[in-house]
Each structure stands twice: as structure tokens, then as C-alpha cells.
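Heads up, the thing below is written out as C-alpha cells.
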Amino acid sequence: VATTVPFGSSPHKGVRVLLGVLVGLGCAAAQPDRPKRVSLTRPRPGPAFDDVAARLIGQALVSRASFDLVADLCDQTGPRLSGSPGAEKGVRWAFERLRDEGFLVKKEQITVPHWVRGEETGEVISPFPHKLFLTALGGSDPTPAGGLEAEVIEARDLEDLARLGDRVRNKIVLFNKQISADGGMDGYGSGAKIRYGGAAAAAKQGAVGMLLRSLGTAFLRAPHTGSMAYEEGVARIPAAAVTAEDADLLHRLLERRKGPVRVRMRLGCKTLPDVESHNVVADWPGREKPEEIVLIGAHLDSWDLGVGAVDDGAGVAIVMETLRMFKRLGLRPRRTVRVVLYMNEENGLRGGKGYALAHAAELGRHVAAIEADSGAGRPLGFSINGGPGAEAIILGLAATLRGIGAAEVTAGGEGGADISVLGPHGVPLLGLKQDTRHYFDWHHSPADTVDKIDPRELALCTAAMATMAYGLADLDQPLSRAPPRPEAK
Ligand code: ZN
Ligand code: ZN
């Protein structure tokens with residue numbers, strides 16, 4: 001099958017660019033006169049797209065604008081947990097900034113959960129007194145005012161918990177699984193599953209509390225928070241994350257088995273009534289098909305321990321600066337590029353769900369969505385989840401980013417939590433892939449601060465995002481859509 005892709009930005013209108021990748025997949029016979037090495041090249045869009053990319057990459061690299069945006073956001077708002085004054089400052093900051101720069105910007109109302117942390121302490125009582133560095137998981141109920149004191153029992157993960165059966169009764173379950181920065185079976189996702197459902201699972205077996213080894217990849221005795229949830233009809237036991245070092249200590253104490261290991265935890269967190277908040281949505285209208293939309297998104301909210309610089313202030317800066325570069329350089333692709341700054345990605349996804357609901361009528365005209373929510377490390381490329389042939393087109397566009405090391409394309413994934421909601425509606429989903437080797441060192445911890453961001457790496461991320469967004473918005477034909485999935489409402 002010889003597939004061709006027309007690229008609108010080609011100066012030779014109608015020229016079709018052969019997708020070299022298909023040559024590599026056994027279609028070499030289609031081009032007998034080409035030297036063999038050509039079969040190794042990626043499909044490429046036309047030279048005009050290279051020019052656009054060169055301008056975007058150059059602009060991103062000569063300015064510190066992306067870094068200045070995230071620094072300004074974090075320094076002006078502090079932490080931005082949904083429902084907090086910081087989150088509202090974040091909404092106002094983004095709205096005013098985009099409005100004052102002349103963009104078409106709206107605040108779109110949603111309702112968000114409002115959980116507050118309060119005071120929190122923990123300690124080992126026996127075999128000897130020892131302060132534990134812990135932090136409540138988002139959504140946890142408080143302990144009784146005097147604290148919760150109980151014996152600790154260790155489980156590696158949810159399967160291990162099930163094996164312990166009745167032995168967890170009246171105890172605090174310590175889930176003690178080290179996650180790996182390399183992803184895969186032991187990646188962050190495997191730990192996040194335990195964090196989210198561990199308390200309910202432990203409560204079903206009679207446990208009275210939950211401790212989680214922090215889902216982090218650095219060892220600086222800082223706890224990492226994150227969201228958890230209870231189940232209807234199951235006891236709501238308090239849940240906190242301890243530092244990796246403290247989890248290791250508890251493990252060693254339990255291993256020696258000279259009498260019980262008892263801890264006390266005191267959590268002052270609580271869930272208040274839901275409050276009104278907003279997504280911030282800004283458009284850069286297309287020159288030919290303004291009704292068709294390439295959405296680029298990130299989330300404005302953050303956890304409360306740090307200031308949400310890498311998660312996800314960096315993403316906010318990447319997508320905002322993309323729009324600002326289009327304006328500054330006078331680049332207007334055929335379709336509209338829309339920035340969506342989501343609220344409440346961290347503990348409810350109300351922004352993602354609210355956007356899909358509010359824009360239900362135009363989701364058929366969302367031709368792609370890209371999310372930036374993997375920190376501020378340098379860009380590696382994109383993930384793509386779309387219809388037949390979509391991956392080859394993304395390969396073609398990303399090939400232009402080879403010079404900045406961002407040409408990698410992987411198939412599958414959901415792009416990001418906020419935009420995953422659009423997948424069932426058939427919207428092709430892309431994620432900006434980044435170097436995340438250090439992301440989980442800081443993410444959701446007090447260490448998520450502006451100083452963790454390298455301005456040059458962040459600028460490269462913006463360059464990659466802007467190039468891909470422009471390329472998608474300027475295609476002759478939009479990416480093919482995945483068939484709508486049954487969960488689409
Ligand atoms: Zn995030
Ligand atoms: Zn997060």
C-alpha cells in the first residue's frame with residue numbers, strides 16, 4: 001500500500017510526499033530507482049514546513065519566555081490545589097495574561113473538589129521513638145484528633161495485600177513498592193494504582209489505616225502526595241505517604257520480628273464542599289478552517305506541597321508560549337490552535353470532563369489534541385493514538401524535529417489525563433514525550449519548585465509542541481480518527 005500525504009504548507013500545492021516509512025515496511029518495490037538508504041528516512045512534509053519549524057525552534061531558543069512564564073505563574077500563585085486561593089490566582093493569572101496579550105480567551109466554569117491538608121505528623125512508637133516524614137494522600141479523611149495508633153503490616157502491592165487476608169485486621173497497612181523512573185511494570189502507573197485504591201482494598205480486609213511508600217525516585221526524605229479514593233460502602237480509613245527512607249526503616253524493623261512495630265499518625269486533612277472554578281481556553285483562529293481545532297493542553301492546578309513547577313506549570317508554559325510564538329511570528333495555520341489550561345487534573349479530572357461536556361457539539365471538529373504533562377525535561381517526541389495512518393503522518397511531522405532530538409514517535413497511550421476524555425469521541429490523542437529521568441524525583445513533593453527547570457530544555461519542549469501543533473493544524477486532510485469507543489457519551 002503506497003500512502004501519500006498532502007501537506008498544505010508545501011509551496012508546490014498538491015505535491016504529494018511519499019511516506020518513506022512504508023518503503024521501510026516492505027514497499028521498496030514501489031521505488032526501484034531510489035538508493036537504498038532512502039528507505040531508512042522518515043516521511044517528510046514539504047520544505048515550507050521546515051521553514052516554519054526553523055522559525056519556531058529559533059524563536060523558542062533565543063528567548064527565555066517559557067521559563068519566564070512558569071516562574072511568573074509559580075511565584076505569583078504558589079501551590080494551586082483545586083479549590084484553594086492559589087488555584088484561583090492561577091486561573092486569573094492565565095486569563096489576564098492571555099487577554100492582555102490580545103488572545104480570544106474565556107474562563108469556562110466547572111465545579112471542583114475542595115480538599116485541604118491541615119496539620120500532619122507521624123512517628124514510630126515501638127520498638128523505639130522515631131519521627132516519620134509523611135503526608136496525607138489527597139482525598140484522605142482525617143485521623144481522630146489524637147491520632148491513629150496501630151501495629152504496622154507490610155504489603156508490597158495489592159496482590160500481596162490480598163494474600164495477607166485477615167492478618168491486616170486492626171493494623172495500618174504499609175504498601176512498600178519502589179517505583180522505577182524507567183516506567184514499565186514498575187513505573188509510576190503501577191504505584192499510582194496502589195495509591196488510588198489501596199485504602200479501600202485494605203479497609204475491606206479490616207485495616208484501620210494506610211501508609212504508602214512515596215511514589216518517588218529520589219531519596220531526600222521528602223514525601224510525595226497524590227490522589228486516592230474511597231469506595232461506597234467501605235470504611236474510609238486515613239491514608240498517607242511516608243518517605244522512602246522511612247518505609248525502608250519500617251521494613252527493616254518488621255523483618256527482625258522482635259515484637260510488633262507500632263506507629264502513630266495524625267492527619268488533619270478534610271474534604272470541604274465543592275467549589276466553583278474554571279478551565280482557561282484561548283484560541284488562535286485558523287486562516288482557512290477556523291471551526292476545526294487542534295487542542296493543546298496542560299493543567300493549571302497542582303499539588304499543595306510544592307508549587308507545581310514541573311507538574312504542570314511547565315506544561316502551561318509550553319502551550320501558552322506556543323500560542324504567543326504563533327502571534328509574534330505571524331504564523332497562522334489553516335485550522336484553529338486552542339490552548340486549554342485545565343483545572344483539577346490532580347484530584348478529580350473535573351476540568352477534562354467538564355471541557356468534553358461543554359464542547360460536546362464540536363468534538364467532531366477537534367482534529368487532534370496534544371497534552372504536555374510530563375515535566376520540563378527535554379522533548380523526545382510524541383505518542384499518538386489515532387485512526388489508520390495517523391502514526392505515519394506524525395512520524396513525518398516529527399522528523400522535522402530530529403535536529404532537536406524530538407523525532408521519536410510511539411503508537412498508543414492517552415496523550416494525557418485531561419485529554420484522555422476526548423479519546424472515546426474519536427479525537428486523535430498525542431502526548432509530548434519528554435526526558436522524565438528526574439521527573440518523579442520531584443513530582444507531587446515539596447521539591448516541585450521552579451529551580452528544577454532548565455530554561456533551555458523547556459524551550460526545546462515549546463519548540464517541539466509548537467512545531468507539531470502547527471503541522472497538525474496545517475495538514476491538507478486532518479488525521480484519520482479512531483472509531484468512537486462505546487464509553488463516549
Ligand atoms: Zn500533571
Ligand atoms: Zn500530578
Side-chain angles (χ1 to χ4, degrees), residues 70 73-74 77-84 86-87 90 94 112-113 115 117 135-139 179 181 183 187-196 212 214-218 222-229 241 279-280 296-320 339-353 355 369-377 383 413-421 429-436 438-450 452-453 458 461 465:
V70 62
L73 168 66
C74 295
T77 67
R80 300 174 299 281
L81 185 58
S82 290
S84 70
V112 296
W115 177 86
R117 179 171 301 284
T135 193
L137 295 181
I179 62 157
Y188 175 69
S190 70
K193 194 173 102 185
I194 302 169
R195 186 184 66 207
Y196 196 76
L212 174 79
S214 282
L215 305 184
T217 45
H224 297 236
T225 190
S227 67
M228 57 83 67
N279 291 330
V280 178
I296 56 175
H299 65 88
L300 261 178
D301 64 309
S302 76
W303 281 107
D304 55 333
L305 300 175
V307 296
V310 299
D311 185 15
D312 186 27
V316 168
I318 290 166
V319 298
M320 277 178 72
V339 162
V340 182
L341 304 176
Y342 291 96
M343 181 50 61
N344 192 228
E345 186 274 346
E346 296 290 7
N347 58 337
L349 214 61
R350 302 270 186 92
K353 292 173 185 165
Y355 179 88
I370 317 176
E371 185 153 352
D373 187 17
S374 300
S383 62
E414 299 288 335
D418 297 298
I419 64 169
S420 67
V421 183
L429 303 178
L430 291 88
L432 177 65
K433 288 162 62 91
Q434 295 170 250
D435 176 355
T436 54
H438 291 290
Y439 181 53
F440 295 106
D441 293 355
W442 311 311
H443 148 285
H444 296 192
S445 85
D448 184 357
T449 50
V450 173
K452 305 305 184 303
I453 297 177
L458 184 62
C461 290
M465 172 64 79

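All residue numbers in this chain count up from 1 along the given sequence. All values reported here derive from a predicted model rather than from experimental measurement. Counting starts at 1 for both ligands and their atoms, following the listed order.
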Pairwise distance CG(Asp373) to OH(Tyr342) - rounded to 0.5 angstrom: 11.5 Å
With distance as the sole criterion, is a donor-acceptor pair present between the side chains of His299 and Asn344 under 3.5 Å? no
With sequence neighbours excluded, tell me which residues meet ring-ring contact (aromatic ring centres under 6.0 Å, His included) with Tyr188. Phe440, His443
Sequence-distant partners of Ser214, side chain to side chain contact (heavy atoms under 4.5 Å, CB included), two or more places apart: Pro223, His224, Ala241
No waters, cut-off 2.8 Å: how many protein N, O or S atoms are close to the Zn ion (ligand 1)? 4
Do Ser84 side-chain atoms and Arg80 backbone N/O form a donor-acceptor pair below 3.5 Å? no
List for me each residue that meets side chain to side chain contact (heavy atoms under 4.5 Å, CB included) alongside Ala447, sequence neighbours excluded, and say none if there are none. Trp442, Ser445, Lys452
